[in-house]
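What follows is one structure encoded as structure tokens, with my remarks underneath.
What you see below is based on every heavy atom in this structure, not just the backbone, and it leaves out hydrogens, waters and symmetry mates. What you see is a predicted model, and the numbers here were worked out from it, not measured in a lab.
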2 protein chains.
Amino acid sequence: MKRKITLKQIAKELDVSISTVSKSLRNSLEIGEETRLKVQAFAKFYNYKPNNIALSLKNRKTKSIGIIIPEIVHYFFSTVINGIEQVANEHGYSVVICVSDDSFDKEVLNMEMLANGSIDGFIMSLSKETQFKGDFHHITEVINQGMPVVMFDRVTNDILCDKVIIDDKAAAYEAVQSLIDSGRKKIALVTTVDYVSVGKLRTDGYEKALLDNGLPFNEDLIIKIEDVNTCEITISQLLHDRAFDAVFAVNELFAVTIIKTANKMGLKVPEDLAVIAFTDGIISKYSTPTITTVSQSGEKMGNKAAKMLIERIEAEEDDDEEHNENYITEVIETHLIKRESTD
Amino acid sequence: MKRKITLKQIAKELDVSISTVSKSLRNSLEIGEETRLKVQAFAKFYNYKPNNIALSLKNRKTKSIGIIIPEIVHYFFSTVINGIEQVANEHGYSVVICVSDDSFDKEVLNMEMLANGSIDGFIMSLSKETQFKGDFHHITEVINQGMPVVMFDRVTNDILCDKVIIDDKAAAYEAVQSLIDSGRKKIALVTTVDYVSVGKLRTDGYEKALLDNGLPFNEDLIIKIEDVNTCEITISQLLHDRAFDAVFAVNELFAVTIIKTANKMGLKVPEDLAVIAFTDGIISKYSTPTITTVSQSGEKMGNKAAKMLIERIEAEEDDDEEHNENYITEVIETHLIKRESTD
DNA sequence: TTGCTTTACGAAAACGTGGTAGTGTTGAAA
DNA sequence: TTTCAACACTACCACGTTTTCGTAAAGCAA
């Protein structure tokens with residue numbers, strides 16, 4: 001077991017100075033050819049690689065970016081990570097991932113842990129609890145320290161930074177409109193609790209689509225679910241009353257649960273009940289029937305977010321203390337993927 | 001925008017030496033109370049936090065662990081990451097994630113990138129290509145440098161290190177046995193190509209269960225699939241011939257595809273065809289019918305792997321250059337989760 | 001020989017930290 | 001008065017790099 005070799009050890013072994021070794025390896029003309037080649041050969045033999053940590057300290061750049069997300073066992077978030085990782089890798093960056101578990105405290109802790117020099121910038125999606133509390137001091141702090149932050153999906157207007165989102169309202173509008181176009185009149189919305197930003201926006205789009213089509217906006221048809229386990233009971237109640245003939249669910253887990261509940265009650269999808277889900281995940285593709293969804297390319301979001309962050313990071317290098325704050329919000333396109341759960 | 005404050009800056013500002021500041025903050029008795037409190041107040045005000053990079057360099061410990069996996073948009077792997085992250089977080093470690101994309105080159109590149117001081121140890125699952133090539137020099141190299149490595153799920157006997165696996169053979173045996181117990185005679189195995197270690201082991205278990213029960217082992221009933229898209233065609237052909245009445249699939253994607261194919265052909269699951277899948281994922285829970293699976297707790301594997309790695313890392317600190325090489329292989333328990341796809 | 005330029009290398013600082021060893025002052029005991 | 005300990009703090013080193021500056025030796029012209 002030989003620990004990794006350092007410049008110092010090479011220098012000692014070859015009886016030259018550290019600087020000579022360093023320069024030889026970077027092919028500096030300052031060093032005579034003989035010495036240079038000797039050093040290079042030696043370094044190659046011992047498989048010398050510069051120590052990243054030392055480089056980070058010197059350059060004040062870690063070449064790694066931090067990702068803070070609410071969950072990782074989650075189709076959408078893992079596609080985003082995938083997207084980030086691709087771009088990061090292309091640019092020689094590593095990604096450090098922290099899971100907030102939708103907890104405010106964990107989010108803060110994780111950010112503090114990474115903010116002390118471990119990374120060059122953050123890409124994050126807010127935890128539910130953070131959105132609920134509306135407390136973003138940890139993010140402000142990081143930004144004030146000059147560390148770039150890009151938020152995606154679950155964002156907030158209270159923080160000025162680059163953002164990557166989808167037009168949740170428009171996407172919801174489009175989905176509901178398509179249900180209306182196929183003749184549905186009583187469309188339910190199954191959503192999360194209000195403080196999750198995207199839930200709110202999707203609700204807005206739902207409402208607008210109804211009103212624009214002269215349909216009544218009925219509060220009773222908005223079903224707010226905190227936990228997917230309580231979903232079934234609520235749904236079956238309403239289905240029993242035949243209160244709606246179509247449903248727009250803000251995620252595919254809700255959607256598949258609704259379909260299963262409907263099936264149990266002898267209702268057929270899509271004949272008796274049309275279903276559209278937000279977020280195109282793996283369940284929608286493989287459930288029976290397959291589910292019509294609003295696609296929301298996590299990979300694209302990740303790509304874009306990583307590009308924006310790296311651009312910021314590398315811009316800072318040049319301008320040095322001169323970062324211009326014209327933050328941009330990128331909107332990723334969505335489209336409706338029609339499958340069997342609608343007609 | 002104020003950059004993070006350092007000991008040096010505090011020292012300068014308060015006109016004391018850097019050591020005084022450092023000691024004051026660590027509550028050393030060497031420093032008089034007055035100075036100590038003054039420094040602490042100042043540090044608190046400017047929100048001083050020691051720089052992680054400098055600490056890493058000094059301590060030769062990064063407090064982060066590297067994860068190399070073939071895919072991230074993958075239920076099993078993401079649960080493993082989740083498990084690792086939990087334990088890592090508890091112990092004050094961060095996780096750096098690299099995706100090999102099942103490519104040998106990427107795996108090597110990623111490992112090299114992280115091995116130069118960025119992390120204290122690896123947790124990894126081999127890429128398909130690496131298993132195919134049988135080239136593990138990059139791993140040996142890392143281990144020789146004294147960096148602990150824990151492999152999980154897709155492992156190899158050619159590398160000596162700690163491992164976390166499930167007993168693929170026994171689990172497959174159990175699944176097939178349960179199909180036999182329910183009266184099935186013609187059981188097909190839908191698996192991946194041979195070089196993936198787990199695929200091989202599961203095949204072995206399948207074969208043993210058949211032979212132990214006096215059933216013929218028929219090569220024709222082993223369906224090797226490289227790409228899930230080709231699955232449907234092959235399957236429908238065999239189903240058409242009524243060649244089998246039960247199927248054991250090595251992953252849930254294969255299983256759900258088989259069920260859908262069977263349904264299209266008018267076959268009923270489980271009446272006409274019983275299905276068991278390896279790896280309990282989200283699809284099995286939500287497909288129709290829900291799928292009986294061999295649960296393989298990724299989270300537990302992640303927990304265990306992280307614990308083993310951190311133990312190694314922190315053992316090295318003490319023994320220093322004295323690591324004992326009695327590597328262990330931890331076998332995580334599996335069990336059959338019976339759902340609707342079997343009777 | 002003197003003075004100047006090249007060549008080829010070395011010393012040292014810097015990045016931020018933390019521990020060990022050292023230093024100077026004060027007060028009290030011998 | 002001398003000596004010694006306690007106190008309060010500073011100096012210095014190491015971690016591994018890169019880079020700037022310095023300089024000795026050699027070569028060359030005058």
### Message
Quick check on DNA chain D: between Tyr48(A) and Glu30(B), whose nearest nucleotide comes earlier from the 5' end?
### Response
Glu30(B)
### Task
Verify the neighbour count for atom NZ of Lys12(B): are there more than 12 heavy atoms of other residues, nucleotides or ligands below 6.0 Å?
no
### Task
Between Ile31(B) and Lys4(A), just flag the one whose closest nucleotide in DNA chain D comes earlier from the 5' side.
Ile31(B)
### Pro50(B) vs Asp15(A), nearer the 5' end of DNA chain C by closest nucleotide
Asp15(A)
### Query
Is any side-chain N of the basic residue among Asp101(B) and Lys106(B) closer than 4.0 Å to the acidic one's carboxylate O?
yes
### Task
Please report, rounded to the nearest Å, how far the P atom of dA14(D) is from the NZ atom of Lys58(B).
10 Å
### Rounded distance in Å - NZ (Lys12(B)) to C1' (dT10(D))
18 Å
### Task
Answer with base, sugar-phosphate or nothing: what part of the nucleic acid does Ser19(A) contact at a heavy-atom distance below 4.0 Å?
base
### His74(B) (side chain) donor-acceptor with Phe76(B) (main chain) under 3.5 angstrom
yes
### Task
Remember a base hit wins even if backbone is also touched, and classify Lys8(A) as base, sugar-phosphate or nothing at under 4.0 Å, heavy atoms.
sugar-phosphate
### Query
To the nearest angstrom, how far is Glu34(B) atom CD from dA8(D) atom P?
10 Å
### Query
Can you tell me how far C1' of dG16(D) sits from CG of Leu25(A), to the nearest Å?
13 Å
### Message
Of all nucleotides in DNA chain C that come within under 4.0 Å of a heavy atom of chain A, which is furthest toward the 5' end and which toward the 3' end?
### Response
dA8(C) to dG16(C)
### Task
May I ask you to say what Lys49(A) touches in the nucleic acid, namely base, sugar-phosphate or nothing, with a heavy-atom cut-off under 4.0 Å?
sugar-phosphate
### Query
Below 3.5 Å, does any donor atom in the side chain of Lys23(A) face an acceptor in the base of dT17(D), or the other way round?
no
### Message
Whether the Ser17(B) and Thr20(B) side chains hold a donor-acceptor pair (N or O, under 3.5 Å, no angle test) is what I'd like checked.
### Response
yes
### Task
For Leu7(A), answer base if it contacts any base atom (sugar-phosphate contacts may also be present), sugar-phosphate if it contacts only those atoms, and nothing otherwise; contact means non-hydrogen atoms under 4.0 Å.
base
### Message
Less than 4.0 angstrom from a charged side-chain N to a carboxylate O is my criterion; do Asp162(A) and Arg312(A) meet it?
### Response
yes
### Query
Without hydrogens or angle criteria, can the side chains of Thr62(A) and Asp120(A) be said to hold a donor-acceptor pair below 3.5 Å?
yes
## Note on the structure
Rounded to 10°, the angle between the first-five-pair and last-five-pair axes of the helix from dT1(C)-dA30(D) to dA30(C)-dT1(D) is 90°
### Message
Under a 3.5 Å threshold, yes or no: a donor from one side chain and an acceptor from the other, between Glu112(A) and His138(A)?
### Response
no
### Message
Assess, by modelled atom type and distance only, whether the side chains of Ser127(B) and Thr130(B) contain a donor and an acceptor separated by less than 3.5 Å.
### Response
yes
### Query
OP1 or OP2 of dA8(D) sitting under 4.0 Å from any side-chain N/O of Arg36(B)?
no
### Query
Using a cut-off of 4.0 Å on non-hydrogen atoms, how would the nucleic acid contact of Ser56(A) be classed: base, sugar-phosphate, or nothing?
nothing
#### Entry: Pair Asn52(B)-Ser118(A), side-chain donor/acceptor within less than 3.5 Å
yes
### Task
Could you check how far CG of Leu57(A) sits from P of dC15(D), rounded to whole Å?
14 Å
#### Entry: Residues, nucleotides or ligands: over 12 heavy atoms within 6.0 Å of Asp158(B) CG
yes
